[in-house]
Each structure stands twice: as structure tokens, then as C-alpha cells.
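Reading through the C-alpha cells given below for one structure.
Each chain gets a letter, A, B and so on, in the order its sequence line appears, and its residues count up from 1.
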Amino acid sequence: MSNTGNSRKRPPPPASSQHPQQKHHAAMEDDEGDEDNYYLDETPLPLNKEDTQALREAEERLQKWKRPPLSQLYTSQSQSIVFQQLEIDYVIGESHKELLPKSSGVAPILRIFGVTKEGHSVCCHVHGFEPYFYISCPPGMGPDDISRFHQILEGRMRDVNRNSNVPYFVRRVELVQRRSIMYYQQQNSQPFLKIVVALPTMVTSCRGILDRGIQIDGLGLKSFMTYESNILFALRFMIDCNIVGGNWIEVPVGKYIKKAKNLSYCQLEFDCLYTDLVSHVPEGEFSKMAPFRILSFDIECAGRKGLFPEPIHDPVIQVANVVTLQGQDQPFVRNVMTLKSCSPIAGVDVMSFDTEKEVLLAWRDFIREVDPDIIIGYNICKFDLPYLIERAKVLGITEFPLLGRIINSKVRVKDTTFSSRQYGTRESKEVTIEGRVQFDLLQVMQRDYKLSSYSLNSVSAHFLNEQKEDVHHSIISDLQNGNSDTRMRLAKYCLKDAYLPQRLLDKLMFIYNYVEMARVTGVPISFLLSRGQSIKVLSQLLRKAKQKNLVIPNAKQAGSEQGTFEGATVLEASAGFFEKPIATLDFASLYPSVMMAYNLCYCTLVTPEDMRRLNLPPEWVTKTPSGDTFVKTNLQKGILPEILEELLAARKRAKADLKEARDPLVKAVLDGRQLALKISANSVYGFTGATVGQLPCLEISSSVTSYGRQMIEHTKKLVEDKFTVLGGYEHNAEVIYGDTDSVMVQFGVPTVEEAMNLGREAADYISGTFTKPIKLEFEKVYYPYLLISKKRYAGLLWTNPNKFDKMDAKGIETVRRDNCLLVKNLVTECLHKILIDRDVPGAVQYVKNTIADLLMNRVDLSLLVITKGLTKTGDDYEVKAAHVELAERMRKFVKDINSGC
DNA sequence: CCATCTCCCTAT
DNA sequence: TGAGATAGGGAGATGG
């Protein structure tokens, strides 16, 4: 039935209705003929021998693919260029003679790729921004010393980089006033040396030299601590120009120079100075999204029987494409390129070719013509893209990998491994397509959702309630070797696989959420999928530090030798089945609020030596429960607290605006923003505790957790001391469990409503005993509540006294992905019987029946399948046939249920 | 049969 | 050169 849904659909309305600008311009201009067209030149036409017909079709397709033509205002350069930037990289090139008359030789040139609000593609070459870093200036260094230091450093750089041919390595050494972000310091600033080098890679080699130490007359071998020397050049540029990922940039009239000869396929391409860029804060008009082009594609290969396709052997037989303008709900291009003939499909451009080479080149030309800003798909980064490139190499099609926006520049493939505790170790291929953002929905799903299967089929079923076309991979080759109709069936399947990622993108609002995350944290959109969490915090920290004239030392020196620190308290669980309502009290954003309340930061931390040396009045400092000391705000306001305040205030604003907003697109932006702000605030603590990260500071993280431990104990005590019969209440309250930032309280009252009232009273009363902005909130009631052990419980969740919201289970088999379905279903059913039907004997009987079924082989084998290797993709299952063993486990489960009552 | 360890996955 | 944190339950392996 999903099948008919797709093929029944009429072809999309003509481009004009989807793309008003295009209609407008198409009416005024008629330059179809004089456009010299490499698509037609290079690519043999489809099989179809009725030439004129085929030509006309190809021409029509081309027109539909193209971007709207530039208006007079652009071509005459009489207006500023405003565009939403999606990607920034840099190349090494000759210094621009006109923009930088005083410079010569090679220099880094930043390239900003983006889209205007009319949908024009932009490539902006930015000149004049130089790579640099800092070192602290040895005391008493005068101008002469600095210039001597410069010469020595230049010499050492020359030794190390023998093969480079630049006129000089170290362009300047400037004396500047800065302050290290580490530790509270009384002086406002100190002398630092800003070392400006010729090329970004030289920052690394220069840092190496300074780390190891250099000979300086009179001082001997001296090594220097470097600051901000490991920031990627494009990010450095963004930070210094106040550019955040996905924001709008304006280049004013007269400040840009159109390239005499374009280097890219972009419609607007020009050079400018970095100082002339105007970066717009993403608010109001500038919070909108440009109509960028999103290509979703999928390939099919004819694998050999039972084997996974390999590019060395197996041909690419189909490529399906769906192109959508951001903000619209229907694609404006749907096509499929097939090897051998294929019957027509309604609403789809079917292009058939005789050879695989033609298929590949047709796709390359399509990419060039339709010029997507974002390329999406399912597992494209690890499969489709590397496969196409490998396959073209095998076939000797050297002109294939020209998929980027830079003319004659081939895509680069690199093997990378990404390993983190959060995402596990993942090997993958990194395919660089210049100027286009890759957004692999598989990666996104794996980062954002915990699922038991990440196959496109199961993900689509879960989120879209839609399945793939029913084509098993084992019959793909047979379909290909059949006739036009079997290949059409395959093409429909391929198209659906290209369309589903786009549907997921829309349904889960990934564009809004990711662009907002990029804007909030300041990193390019591509970092969000290719990098970890910490780069986002670092980006914010660097921006804030820059405003305050602070510089950030490089990790190694920052005192990260301590290893590990103590985490949160989990209160002892009074396991059992509770038939009176349990109220839950939670600290709102516990760790962020602790950091704000006690001004915990790198720059407020006082070392033990400084404690003795500075003689600070005790009332001006805070000694945390972990024994570390931080100054209070009157001496120095922490920048982490400041970042957190801004994030949380911005979240409040976003949520308020969200309430007011009516436009669904605006709402999507705002919701994405408030989510990004929340996640960002919560990851600051993790950043300070990441011992293998950029700037670990265990004094901060262990202080945070030590306050947390103190607070949960304090809360438990206060509840149990105040809510007593002696204190005038009807029952003695009892804290039966609590984890990190929450306590579960049995007030002893019989109704949900009474438990809610007492919960609110307790939250208000206890909040009053904490430093602002720490706040304890009443959140919900569990009734009844089954507490199995620490981190394992279930209950009916109530947020209003009239009816329960849902059954909530934590840590139990039902929410774990390492159990077979039989166990999951069984436990779910038992919980249902126990909590909702209040029928414990029924639950026990149910388990006994299931055991009997199991022992007599009466259960579906597929229920005994467990997934293994969840980080792997695809449906990789292993049947666990140990029935008896499983039955044993279930008997234990019956015992647990009985003891729980 | 038990301590003790690793691995996996979850709670917060 | 790139990676948020710790606490904790449960299964299974290992070693006596």
C-alpha cells in the first residue's frame, strides 16, 4: 500500500508554482540557447533513438534542474550580497594583489559557500585572515628581544619545514595584553606574544618547536606554553568574525570583486576582505532558512549471490535522486538513472543508459546541474559515495569524481576512525565534496536516537509508519537481468530509498534542529555529525573568552594528571511494590545551576598556593565540598556561569517566542533552538570533566558533583525531618529512592492529589534553602510504583490527579536493547498486569505459561533473536536458541516478582 | 559455590 | 590532535 502511495502520486506541480522566482526570471530571459552546455556535450544521450524527442526531454529536465538565473541587480554588482552560509573551508593560494597590495606569496584563502534568499549559490573567497596563536611573554621582554625572538623562531621553522617554499614562516610577533583563562588572577592582563604565521599548518609545527623549547641568548633552552594553538583555521576565522554555523553573511556593495574567471560552479563568486564581512546575528529575518537544495539519493548494485557488493566486481545499476527546496514539502526533481532500459514511472524522469560509465557520468552531470547544497541519504558516507568513487576508479573513469563545486577539483576520500565513549569506535570513509554539506541520515539516527535496529526499513517504520518497497537484496541482480518492467520495479525501490531519508529529514526536523545547534554553539554544520560534543563547548568558550580578552591554554599543560573523580550519589533503593503514591522531586538543570550558584569556572579557581599567597578574605571565596576554592563574583565573574546564564535565558526566550509563534516554519526554528540550548547547557559540565579533552578541569567537575551529592542528601534529610506526624502532618514521609538530582518520596497519603500538594510544598520549602538559581521542582507522581533496585523501576506516571499519563519503565528489560523480544514482551505484559490490572498472580501465571510454551517449542523463533553489535548497521541478528536457559531466567523473574510484593 | 573481572547498556 | 561525565545492574567468563 505504501507502494501505491508513491506511484499514484501525480508528478510534482510545474517548477513555477514551487519556485516563484524561477518563473519570474524565466519570463524575462531567454538565454537557453547560448548557454554552452557541458551536460549535452559530454554525455551521450539516452538510448532512445528518436533524437528530437530525447533532446527535448533532456532540455526540459535541464531547465527544471537549474537554479533561478541572476537578476540585473546581481549581475551589475549594484547590491550587497546576503547569503546563508552552510560551509566554510580554506585553500592555499596566491595572495590577492588588489585586496592585499602589501602582501605577496602564498596565503590561506577562506571559502564560504552558501545560498541567497532567492536561491542563488554563492562562493565567497575571503582574503587577509591570518593564522595565529599565543604564548605568554617572558617577563622583561622589550621590542628588541621580541624581534630577536622572531628571528630565532623563523630560523627554527625553516629547519623544521625544509620543503616549504614560502618567503617567511613567522609573519609577525606582536606584543599584546591578554590573560589566561586558567585560575583566578588579580592582574587584569599580562603581556602575551601573538605569533602570526604564514599558513595554518605552521601553527602546529610552530607550537611543536615552542613546546620542545628553543635556544634564546641569555636564557638558554626555553619552552613556552602555547595558547589557542589547536583550533582549526576555519573555526578560528568564524570565531574572530563572529560567524556562527549556518548564519547569514552580508558583503556590502563595493566590497567584493567579481572573479575574472570563476573557480567554482556557483552563481555568485567573488573575492573580499575578511574585515568587510558583515555577520548577522540569527534573529528576526536572519533566523530564517535560505531555500537551499537538498539532494537525497540512493544507489543499487548488482551483487553476486549471497555476497555484499564490492566495487571491484559489482556494477552500479541504478541511481535514484530526489531534490527538494528547503521549506517545501514536495521534491521538485525525482529521477532515476538506470543501466539498461526501464519502463516509465509516473512523475519520475527515467533515464536509461547502455553502459555503467554513462550512468555514472549522467549522475555526475546531474549533480553539477542541480547543484545541491546538502546531500543526504542513508549510509551514503560509508556506502553509496565511496562505492561510486571506487567503482569509477575500477572502471577507469577518471573524470567521474568531479562532484564538488570547485571546477576540476576531484573529491577526496580518506579513511577515518571516530572513537568516543558515547558513540563507540566507528571506522568510516570521509569523502570530501567541496562546497556541499553531507548529512547522512544513518549517522544522524545513530547519534540522536537509541534504537534496536538502524536499518532504513525499521527506522522508517518507527518514525514514518512506512516500509521500504518489498525487494529483497538477493533478487536485485535477477530484477536487473530481467526486462524493462523488472528494472522498473527495482527503480521504484531505489526511488523509495532515496525518498525515505528526505521524509525522515522533514518529519524529525533535522535541518531546523541542526542549523539551530550550529547557530547556538557556533560550529559549522558539518562538525555536528563529524565531531564530538566537546568542540561545541570549546567553540562557545573561545568566543566568550575572546570578548573578555582571555586566552585558552592548550590541554596538556592544563593539569589533567588526576585521572578520575567521584560522581553523583544514588540513594539506596528500598525495593518493593508501593501501592501509595510516590512523589518525585527534581533539581532543574542540576549541574548548570550548581556552576552558576557557586561561580565555578576556570577563571575563578584559586590554586592552593595562591590561597596562601593572596590572602583572600574568606567571605570572598567559596570552598566547595570537594575542597577546591573559587572566588565569588565580586572578585571575578566566571565565564562558564555566564555562558550557562545566557544559554538558559535564551532558552526561556525561545520557549516564550515558541508559544507566541504561529508560522510553522518559525516554530520549527524556535523549537530546534530551545532544544539546542538545553543540550548545550548540559554538556558544559561534561566538558570540564573530559580528562582526555581540550581543557579538563577536575576541580570544577568534582566540585559540581560534590555539591550534587550534598544537595541530594540534604533534600532527603529535610523531607524526612519536616514531613512527620510530629511536625503536624498525617504521616511520616519516607524517601524510598533517589538518583543524582531526584528524590522519590512516599508521603504516606493515599491519593495522587494529596501527594502532588505535598510534593509542591516540599519542593518550594526545600528550594528556599538553596543558593539561587538552584531550584527543586515537583514533577510527577508514580502510583503504583515498582522499585526493583537502583536504576531499575517502573510505575504509572501522573502529572495531573485525574488520570495517569503512561506507564514509565527505567532500566528494566523492556527498555534495554540487549534482550530478545520474548523477554521484552513478557516483562512488558507482566508490568501491565501488575501496575494497571493490579493482578500480581496473573503476572506470575503469565510467566509460567510462557515458560511452558518455551519448553515445548511453542514460541516463534524470531522472538528469541537478540541483536548483537548494535553499533553495526543492518539487520545483523543471532538466534539465541537456549530455550532452557531462558526459561531459567524467567523462573528467577517470577521469584523477583513475588519478592517484590 | 564464591569472589572478581569484563562487557554491555542504561540512569542521571 | 580526537574523544562529554560517573554510577550501577546483570550476564557471563575465569580462577580457586
How close or far is atom [atom2] of [N] from atom [atom1] of [X], stated in whole angstroms?
| X | N | atom1 | atom2 | answer |
| --- | --- | --- | --- | --- |
| Y591(A) | dA7(C) | OH | P | 9 Å |
| D586(A) | dT12(B) | CG | P | 9 Å |
| L571(A) | dT6(C) | CG | P | 20 Å |
| I812(A) | dG9(C) | CD1 | P | 14 Å |
| K791(A) | dT6(C) | NZ | P | 13 Å |
| I700(A) | dA5(C) | CD1 | P | 15 Å |
| L590(A) | dT6(C) | CG | C1' | 14 Å |
| E566(A) | dA5(C) | CD | C1' | 13 Å |

[X] side-chain N/O to [N] phosphate OP1/OP2 under 4.0 Å:
| X | N | answer |
| --- | --- | --- |
| K810(A) | dG9(C) | no |
| Y737(A) | dT12(B) | no |
| R792(A) | dG8(C) | no |
| R817(A) | dT10(B) | yes |
| K790(A) | dG8(C) | yes |

Aromatic centroids of F770(A) and H714(A) separated by under 6.0 Å: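 They qualify: ring centres under 6.0 Å apart.
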What nucleic acid atoms does [X] come within less than 4.0 Å of, heavy atoms only: base, sugar-phosphate, or nothing?
| X | result |
| --- | --- |
| N230(A) | nothing |
| V684(A) | nothing |
| F527(A) | nothing |
| K450(A) | sugar-phosphate |

Shortest non-hydrogen contact from F565(A) toward S701(A):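 That closest heavy-atom pairing would be CZ-CB, 3.7 Å.
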For S703(A) against S626(A), the heavy-atom pair lying closest together: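 Smallest interatomic distance, heavy atoms only, reads OG-OG, 3.1 Å.
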Partner of L600(A) under side-chain contact (heavy atoms from CB on, under 4.5 Å), chosen from L605(A), T624(A), L640(A):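 Only match with L600(A) under side-chain contact (heavy atoms from CB on, under 4.5 Å): T624(A).
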Side chain of S789(A) - closest among dA7(C), dG9(C), dT1(C):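 The answer is dG9(C).
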Proximal nucleotide (of dA5(C), dT12(B), dA7(C)) relative to the F565(A) side chain: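 Comparing dA5(C), dT12(B), dA7(C) against the side chain of F565(A), the answer is dA5(C).
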Stem list, DNA chain C (Watson-Crick or G-U pairing under 3.5 Å, at least 3 consecutive pairs):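 Stems (3+ consecutive pairs) listed as B:1-12 with C:5-16.
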Interatomic distance at P, dT12(B) relative to dG4(C), whole Å: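 Going atom to atom, P in each nucleotide, I get 22 Å.
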Anything under 3.5 Å between a donor and an acceptor, one on a side chain of residues 582-597 of chain A, the other on a protein residue two or more places apart or in another chain? List them.
unit_1  : atom_1 : unit_2  : atom_2 : d
S593(A) : OG     : S589(A) : O      : 3.1
S593(A) : OG     : L590(A) : O      : 2.9

Mutual orientation of the aromatic rings belonging to F578(A) and Y785(A) [parallel < 30°, tilted 30-60°, perpendicular > 60°]: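 Judged by the thresholds at 30° and 60°, the geometry between F578(A) and Y785(A) is tilted.
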Counterpart residues, ring pair (Phe, Tyr, Trp, His ring centres under 6.0 Å), relative to Y90(A) (two or more places apart):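 Ring pair (Phe, Tyr, Trp, His ring centres under 6.0 Å) list for Y90(A), sorted by chain: F233(A).
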What nitrogen or oxygen pairs link the protein and nucleotides 2-4 of chain C at under 3.5 Å?
unit_1 : atom_1 : unit_2  : atom_2 : d
dA3(C) : OP1    : R531(A) : NE     : 3.1
dA3(C) : OP1    : G532(A) : N      : 2.8
dA3(C) : O4'    : S419(A) : O      : 3.3
dA3(C) : N7     : V692(A) : O      : 2.8
dA3(C) : N6     : V692(A) : O      : 3.1
dG4(C) : OP1    : Q533(A) : N      : 2.9
dG4(C) : OP2    : Q533(A) : N      : 3.0
dG4(C) : OP2    : S534(A) : N      : 3.3
dG4(C) : OP2    : S534(A) : OG     : 3.4
dG4(C) : N7     : Q422(A) : OE1    : 3.1

Scan the side chains in residues 736-746 of chain A for donor-acceptor partners under 3.5 Å anywhere in the protein, sequence neighbours excluded, and list what turns up.
unit_1  : atom_1 : unit_2  : atom_2 : d
Y737(A) : OH     : K791(A) : N      : 2.8
D739(A) : OD2    : K791(A) : NZ     : 2.8
S742(A) : OG     : D739(A) : O      : 3.4

Residue pairs involving residues 702-714 of chain A (criterion salt bridge (charged side-chain N to carboxylate O under 4.0 Å, His left out); sequence neighbours excluded):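 Qualifying pairs, neighbours excluded: E566(A)-R709(A).
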Residues R792(A), E813(A): salt bridge by 4.0 Å N-O rule: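 A salt bridge is present here (some side-chain N lies under 4.0 Å from a carboxylate O).
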